[in-house]
Structures are given as structure tokens and as C-alpha cells.
There are 2 protein chains.
Amino acid sequence: MVKSARDSVADQATLRLRQHGLRPTRQRVELAGILFRDCDRHVTAESLHDEVSGAGVKVSLATVYNTLHQFTEAGLLRQVIVDASRCYFDTNTGNHQHFFVEKEGLLIDIPGEAIEVAGVPAPPDGLSVDRVDVVVRVRRG
Amino acid sequence: MVKSARDSVADQATLRLRQHGLRPTRQRVELAGILFRDCDRHVTAESLHDEVSGAGVKVSLATVYNTLHQFTEAGLLRQVIVDASRCYFDTNTGNHQHFFVEKEGLLIDIPGEAIEVAGVPAPPDGLSVDRVDVVVRVRRG
DNA sequence: TCATAGTTTAGAATTATTCTAAATTGAGTT
DNA sequence: AACTCAATTTAGAATAATTCTAAACTATGA
């Protein structure tokens with residue numbers, strides 16, 4: 001029996017999970033496989049659940065939520081807040097910003113080096129800057 | 001009977017509502033009075049409902065939601081998206097950005113002239129920029 | 001005063017998310 | 001391979017913010 005491409009994705013995922021102190025369960029390996037096989041993905045819990053279910057894998061929605069949060073804690077994902085009603089997770093954890101097509105719920109990365117935010121005043125006393133998020137809201141047409 | 005300060009706030013609110021094609025109902029006048037009496041306020045539906053209720057005025061939460069959206073449509077308010085679970089409304093509709101203290105749900109305005117965002121790439125084909133939002137996430141300490 | 005379209009409201013419905021407690025499982029022992 | 005046990009998964013209930021619905025109310029112009 002030869003190793004399939006799928007096995008290699010799973011192996012990569014398993015390794016990555018172990019490196020981040022996460023036990024590589026079947027569910028986490030499947031989700032990590034989907035999330036990190038390709039680059040720069042933006043998912044919601046629902047969209048990821050649909051995707052993994054569509055691939056014939058049985059993972060509960062609760063586990064998708066748990067896993068997204070654990071991956072975020074572990075630094076494998078980053079949360080993106082652009083919509084009051086949905087929470088997005090981004091596989092790109094580096095310095096970058098986003099275009100957001102509200103109507104379609106579509107996020108597009110903007111390289112961090114491209115954008116520069118100048119003139120941010122010092123925050124009021126007792127506060128320190130955590131990070132600066134830029135959302136470029138765009139629409140068709 | 002002399003005119004009270006409260007009446008004058010109500011008169012201003014009434015005028016403003018008429019100017020924007022909104023019928024000045026008791027509820028809308030009360031809410032507009034609270035929102036626009038002072039400058040630069042940031043509210044959620046819940047916080048505004050608490051505030052108006054606390055002032056002894058009876059307005060349903062549904063009406064607060066309706067009113068916030070109508071005011072936004074009319075250009076009297078602007079929505080601010082900084083939190084995945086709550087929706088904020090800002091009485092400052094001009095060009096400006098925000099500090100956000102996540103733990104406290106606190107928004108602080110940054111004048112639009114202060115901040116400059118440079119290097120935003122052209123959006124992908126078929127998309128045009130609606131606006132650019134900057135959120136400076138800050139924390140105590 | 002009347003008519004009526006616009007508005008308000010209580011409560012039900014919806015949506016995204018989190019919680020709970022019981023069942024299952026991964027991984028290190030024996 | 002069987003055993004143990006803490007970590008994980010899960011179905012379904014619970015929560016929270018928001019929206020919807022349909023009936024009651026009200027501002028306004030005739």
C-alpha cells in the first residue's frame with residue numbers, strides 16, 4: 001500500500017498539531033488538513049463545517065467551534081472582525097490587512113508591507129496599542 | 001409656563017428628525033435627544049435602551065433597534081464594527097477612526113485628519129473601495 | 001373629528017455561538 | 001493486547017443579540 005496525497009496532508013497536519021501541543025485527534029487532523037493544505041484561507045465555523053461535512057467527514061459543529069478557538073489560542077489562526085453577525089478565522093497569522101466584500105462575506109488579504117498607517121495618536125492614558133486593523137470595505141461595480 | 005432645557009433639547013431633536021424626513025414621534029424625539037444632546041456618543045441597542053429606560057422613558061427594545069437603523073439610513077448615525085457579538089452606533093458620522101478597548105466595550109474617536117492610510121492596493125477587478133476603517137485595538141496597561 | 005399610513009410594541013422567531021454532561025478516544029502503562 | 005484516564009467529542013440545551021410579526025396606537029393632513 002502506497003502513501004496517498006491525502007495521507008501526506010494528514011501527516012503534515014498531525015505534525016503541526018503536535019508542534020503546537022495539540023493532540024492530533026481525527027477531527028483536528030481533518031480540520032487542520034483542510035485549513036492548512038492551501039494558503040491564506042478565510043473561514044467561518046459554519047463554512048468550515050459545511051466543507052468538512054461535504055468531504056464526507058463527520059465532525060460536529062461544536063467541535064468545529066472548539067477547534068477554531070484552540071487553533072487560534074495556539075497561534076495557528078487569527079480572528080478577523082469585519083461583520084457584526086459572523087466571526088471569521090484567517091489561516092494567515094502574519095502582518096496583513098483585508099479587503100472585505102460585505103454582500104458576499106468575502107475576505108481578501110492585503111500584504112502587511114503594502115499598507116502603512118501613519119499618524120495614529122498616542123492612546124489615552126493607561127492604554128497601550130495591541131494592534132492596528134485596517135478593513136478596506138469594497139463592493140462590486 | 002416657561003420652556004425648560006429639556007424642551008429645547010426636544011425641539012432640536014424634532015427639527016433634526018423633520019429635516020431628515022423622519023416623523024418626530026415621542027420615542028424618536030426621546031432617543032434623538034439623548035443621542036445628539038452631547039457630541040460623539042457610541043451606543044449599542046442595549047446600552048441606549050438602558051439609558052432611555054433609566055431616564056424614566058418607556059421605549060421598547062424593538063423600537064430602539066428600529067430607530068437606530070432608521071437613523072443610520074438617514075445619515076444621522078454610523079455603524080461601527082469592532083466586536084463580533086455587539087453592534088455599535090456612532091453619532092459622529094464624519095471622517096474618523098477608533099481606538100477600541102475590547103474588555104470594556106469602549107470606543108474612542110480618532111480624528112480623521114490625524115490618521116493616514118497609505119499604500120492600499122487597487123482592489124481586485126470589479127471591486128471599488130467603499131471606505132477604509134481603522135481600528136486601533138488597545139488595552140489597559 | 002376622521003381617516004389612514006406610519007410607528008410602536010410584546011412576544012415569538014432566528015442566528016450565531018457557547019455550554020453541559022455523557023460518551024468516546026488517544027496515548028502511555030502494564 | 002488489554003487497561004486506564006485525562007483529553008476530546010458530541011447532541012442537544014442554553015444564551016445573546018437581533019429581527020420578525022401582527023395587532024394596537026398615533027401623528028398628520030383633510
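Chain naming here is simple, since letters A, B, ... match the order of the sequence lines and numbering starts at 1 in each. Both backbone and side-chain heavy atoms feed into the values below; hydrogens, waters and symmetry mates do not. Every value quoted in this text rests on a predicted model; they were computed, and no experiment measured them.
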Could you state the [atom1]-[atom2] distance from [X] to [N], rounded to the nearest angstrom?
X: B:L48; N: D:dT18; atom1: CG; atom2: C1'; value: 15 Å
X: B:E30; N: C:dT7; atom1: CD; atom2: C1'; value: 16 Å
X: A:E73; N: C:dT18; atom1: CD; atom2: C1'; value: 15 Å
X: B:L61; N: D:dT18; atom1: CG; atom2: C1'; value: 9 Å
X: A:I81; N: C:dT17; atom1: CD1; atom2: P; value: 11 Å
X: B:D83; N: C:dA16; atom1: CG; atom2: P; value: 16 Å
X: A:N66; N: C:dA21; atom1: CG; atom2: C1'; value: 14 Å
X: B:L22; N: C:dT7; atom1: CG; atom2: C1'; value: 11 Å

Does OP1 or OP2 of [N] have a side-chain N or O of [X] closer than 4.0 Å?
X: B:R28; N: C:dT7; answer: yes
X: B:T25; N: C:dT8; answer: yes
X: B:H69; N: D:dT18; answer: no
X: B:S60; N: C:dT9; answer: yes
X: B:Y65; N: D:dT19; answer: no
X: B:T63; N: C:dT9; answer: yes
X: B:R23; N: D:dA27; answer: no
X: B:Q27; N: D:dC25; answer: no

(request) Looking only at side-chain atoms of A:A62, point me to the closest of C:dT9, C:dG26, C:dC19. (result) C:dC19

(message) Could you report the tightest heavy-atom contact between A:L76 and A:F36, atom names first, then the distance?
(response) O-CE2, 3.6 Å

(message) Could you tell me if A:H96 and A:D40 have a donor-acceptor pair between their side chains, going purely by distance under 3.5 Å?
(response) no

(request) Answer yes or no: does atom CD of A:Q79 have more than 12 heavy-atom neighbours from other residues, nucleotides or ligands under 6.0 Å? (result) yes

(request) Specify the residue among A:R26 and B:T67 whose closest nucleotide of DNA chain C lies further upstream toward the 5′ end. (result) B:T67

(request) Taking the six-membered ring for Trp and the single ring otherwise, decide whether the centroids of B:Y88 and B:H98 are under 6.0 Å apart. (result) no

(message) Can you confirm if the aromatic rings of B:H20 and B:F71 lie within a centre distance of less than 6.0 Å?
(response) no

(request) Map B:Y88 and B:P24 onto DNA chain D by nearest heavy atom, then report which one ends up closer to the 5' terminus. (result) B:Y88

